[in-house]
Amino acid sequence: MKDNSLDELFQDLLENESLFKNKEVLRPSYTPKSLPHRSAQINNLATILVSALRGDTPSNILIYGKTGTGKTAVARHVGIELERKSDSLNSPCVVLYINCEVIDTQYRLLANLAKQFGQDVPMTGWPTDQVFLKFKEAIDTKDQVIIVILDEIDKLIKKGDDVLYNLSRINTELSRAKLSMIGVSNDLKFTEFLDPRIKSSLGEEEIIFPPYDAEQISDILRQRAEIAYKSEVLDEMVIPLCAAFAAQEHGDARRALDLLRVAGELAERESEAQVKEKHVRYAQEKIEVDRVVEVVQTLPTQSKLTLYSVVLLRDYGHRNVTTGEVYNIYRQICNNVDMDILTQRRVSDLISELDMLGILNAVVVSKGRYGRTKEIVLSVPIGSTRRVLLEDYRLNMLADFKPVITAQMQL
DNA sequence: CCTCCACCGGAACGTGAGGAGT
DNA sequence: ACTCCTCACGTTCCGGTGGAGG
């Protein structure tokens with residue numbers, strides 16, 4: 001890619017043969033036909049749901065597990081098989097999948113459910129209980145078992161648990177149809193905020209998905225790579241390395257698949273005939289940077305200012321800094337960009353939020369006579385962080401701002 | 001063993017935006 | 001148009017605390 005005209009560039013890129021056979025297989029949306037190392041969970045789930053085939057109401061189920069442990073894949077997979085089996089047995093059974101991150105209000109959820117049964121519900125405008133009624137009518141027209149998979153159910157709870165309450169007692173109001181729910185969550189503690197009644201009804205059965213270890217991730221990757229890549233284009237170290245990286249990230253298979261895909265794309269971009277170890281390393285870096293950019297960009301302004309204070313302190317040689325120091329710099333910055341200065345109490349909370357987002361690492365330590373404070377370390381690449389922060393129009397005049405650093409912590 | 005620093009972090013409260021009901 | 005809510009975001013107030021130095 002030198003001074004070629006665009007035409008030649010396209011030509012080059014076209015002639016450059018793809019390393020992929022079917023890239024879609026590596027995307028998170030793809031549901032594979034077999035799921036290695038999840039047979040225990042599949043069996044468990046199937047055992048509970050089998051009563052649907054006998055026309056009974058299966059217990060409600062809660063599925064827990066960290067990201068990329070195959071929760072969604074297993075739930076969908078079993079759902080599909082169940083529907084197929086119910087067809088051949090002629091015992092009607094419908095499995096619906098709802099992602100609560102996209103459909104995140106009570107109204108939209110009910111409207112969506114009703115719509116899947118052919119009801120015409122406007123996007124907005126109706127009272128919620130009317131939509132609920134419509135949905136009940138729609139499903140109660142015949143003997144059938146409805147199973148609703150609520151993915152990322154914790155997102156739904158944040159906006160109130162009315163929906164779950166309504167859905168969990170819907171069976172008492174139905175005469176012919178039966179409904180049960182499968183909640184999928186990656187937050188182990190989210191039921192704490194739930195009304196106890198819902199909690200017990202929803203969590204009749206619970207299935208835990210443990211993280212994969214490196215060995216298991218390798219198996220998954222091999223299976224997918226078979227379909228995704230042309231033969232012989234993967235260096236033998238590629239899969240183990242992807243697996244190792246992903247295993248460090250609490251056994252996230254999705255991450256491993258991303259790595260494998262991005263590594264391939266990078267190799268392709270360099271017109272290499274083979275995906276090598278270095279491409280995996282580049283991919284690891286690229287994914288991390290992309291994540292940081294994404295997260296930092298969408299931060300509220302006050303959090304950006306707080307984060308920039310930490311960045312500045314690192315410039316001046318402070319490897320780990322304290323809340324007091326950050327607040328000191330933060331105030332100077334606020335004056336400089338004409339923003340309201342928040343209290344230290346609030347900034348302390350902002351720091352904790354940044355910690356939870358994985359941008360910082362804040363640990364409370366006691367320095368004896370010199371008090372007790374959070375020790376804060378930046379846990380993302382400083383260069384790209386600064387760049388993204390300065391892209392914000394409210395911060396860009398800070399590009400060459402020099403803070404006054406006092407010798408000792410004070411004020 | 002006691003002190004005392006420099007914060008932590010819980011609790012209660014204020015405010016303004018936005019939605020639902022009437 | 002109106003009240004009544006809830007929610008996110010902040011503030012004020014304040015009791016609590018691990019451990020270096022006396």
Side-chain angles (χ1 to χ4, degrees), chain A residues 100-112 114 121-135 152-166 187 189-190 192-195 198 295-310 313 318-335 337-357 359-378 392 394-395 403-411:
Chain A
C100 303
E101 198 176 15
V102 187
I103 298 163
D104 58 355
T105 65
Q106 160 150 235
Y107 185 93
R108 277 191 230 160
L109 174 62
L110 290 172
N112 197 290
V121 178
M123 292 299 287
T124 172
W126 284 13
T128 309
D129 46 355
Q130 191 179 338
V131 183
F132 191 59
L133 204 70
K134 227 17 178 184
F135 172 62
E152 320 251 349
I153 194 170
D154 35 337
K155 299 278 171 13
L156 195 62
I157 309 300
K158 299 219 172 87
K159 319 239 167 171
D161 47 16
D162 296 13
V163 215
L164 294 183
Y165 180 68
N166 287 333
D187 183 358
K189 299 178 301 179
F190 93 100
E192 282 175 17
F193 309 108
L194 240 52
D195 185 317
I198 306 173
V295 174
V296 173
Q297 252 170 6
T298 54
L299 241 34
T301 316
Q302 290 290 359
S303 298
K304 285 184 179 174
L305 292 169
T306 307
L307 180 57
Y308 194 65
S309 307
V310 179
L313 278 161
H318 296 57
R319 279 222 105 260
N320 42 10
V321 298
T322 66
T323 309
E325 291 170 311
V326 171
Y327 188 60
N328 192 352
I329 305 298
Y330 162 83
R331 273 165 39 198
Q332 296 180 35
I333 296 182
C334 284
N335 283 324
V337 296
D338 200 23
M339 293 283 297
D340 292 344
I341 301 176
L342 303 181
T343 54
Q344 178 157 342
R345 177 72 188 83
R346 181 67 187 130
V347 171
S348 173
D349 275 348
L350 292 182
I351 292 170
S352 302
E353 280 166 28
L354 291 171
D355 180 31
M356 287 206 290
L357 288 171
I359 303 174
L360 298 178
N361 205 333
V363 196
V364 277
V365 290
S366 178
K367 294 179 183 302
R369 170 114 316 191
Y370 305 105
R372 200 162 171 267
T373 181
K374 284 201 188 78
E375 233 171 36
I376 302 154
V377 189
L378 205 59
D392 190 308
R394 283 156 301 203
L395 304 204
V404 180
I405 313 262
T406 47
Q408 290 294 311
M409 48 211 107
Q410 55 180 7
L411 271 171

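The chains referred to below are lettered A, B, ... by the order of the sequence lines, with proteins before strands, and numbering in each begins at 1.
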Practice task
Rounded to the nearest angstrom, tell me the gap between atom CG in A/D355 and atom C1' in B/dC8.
Solution key: 14 Å

Practice task
Please tell me which of the listed nucleotides, B/dT3, C/dT12, B/dC7, lies nearest to the side chain of A/R372?
Solution key: B/dC7

Exercise for the section: Apply the test side-chain contact (heavy atoms from CB on, under 4.5 Å) to residues A/V337 and A/R394: give CA-CA distance (whole Å), side-chain angles for both, the deciding distance (0.1 Å), then the verdict. Expected result: CA-CA 7 Å; A/V337 296; A/R394 283 156 301 203; 5.9 Å; no

Practice task
Take A/I341 and A/N335 through the side-chain contact (heavy atoms from CB on, under 4.5 Å) test and state the conclusion after the steps.
Solution key: CA-CA 8 Å; A/I341 301 176; A/N335 283 324; 3.8 Å; yes

Fill in the blank from the handout: Closest to the side chain of A/R369, out of C/dA20, C/dC9, B/dG10, is C/dA20

Practice task
Using atom CD of A/Q344 as one end and atom P of B/dA6 as the other, report the distance to the nearest whole Å.
Solution key: 11 Å

Handout entry: Rounded distance (Å) that lies between atom C1' of B/dC8 and atom CD of A/E375
Key = 14 Å

Exercise for the section: Check the pair A/K374 / A/S348 against side-chain hydrogen bond (donor to acceptor under 3.5 Å, both in side chains), numbers first and verdict last. Expected result: CA-CA 9 Å; A/K374 284 201 188 78; A/S348 173; 3.1 Å; yes

Handout entry: Between B/dG14 (C1') and A/D340 (CG): distance, integer Å
Key = 15 Å

Exercise for the section: Check the distance between B/dC8's P and A/R346's CZ and give it to me in whole angstrom. Expected result: 14 Å

Handout entry: Separation of B/dC4 C1' from A/K367 NZ (nearest whole Å)
Key = 17 Å

Completion exercise
Side-chain contact check for A/Y370: nearest option of C/dG21, B/dG9, C/dG18 is C/dG21

Exercise for the section: Would you indicate, yes or no, if C/dT11 has its OP1 or OP2 atom less than 4.0 angstrom from a side-chain nitrogen or oxygen of A/T343? Expected result: yes

Practice task
Answer yes or no: does a side-chain N or O of A/S348 lie under 4.0 Å from OP1 or OP2 of B/dC8?
Solution key: yes

Exercise for the section: Check whether any side-chain nitrogen or oxygen of A/T323 sits under 4.0 Å from OP1 or OP2 of B/dC8, and answer yes or no. Expected result: yes

Exercise for the section: For A/K374 and for A/G371, find the nucleotide of DNA chain B with the closest heavy atom, then tell me which residue's nucleotide is more 5'. Expected result: A/G371

Exercise for the section: Round to the nearest Å and state the distance from A/Y330 atom OH to B/dC7 atom C1'. Expected result: 18 Å

Exercise for the section: For the side chain of A/R345, starting at C-beta, report the closest nucleotide among C/dC13, C/dG10, B/dC7. Expected result: C/dC13

Completion exercise
Here the distance between atom P of B/dA11 and atom CG of A/D349, to the nearest Å, is 13 Å

Exercise for the section: Output the distance between atom CG (A/L354) and atom CG (A/L307), rounded to the nearest 0.5 Å. Expected result: 5.5 Å

Practice task
Using a heavy-atom cut-off of under 4.0 Å over every strand shown, decide if A/I351 touches base, sugar-phosphate, or nothing.
Solution key: nothing

Handout entry: N/O donor-acceptor pair under 3.5 Å between A/Q332 side chain and A/I405 backbone
Key = no

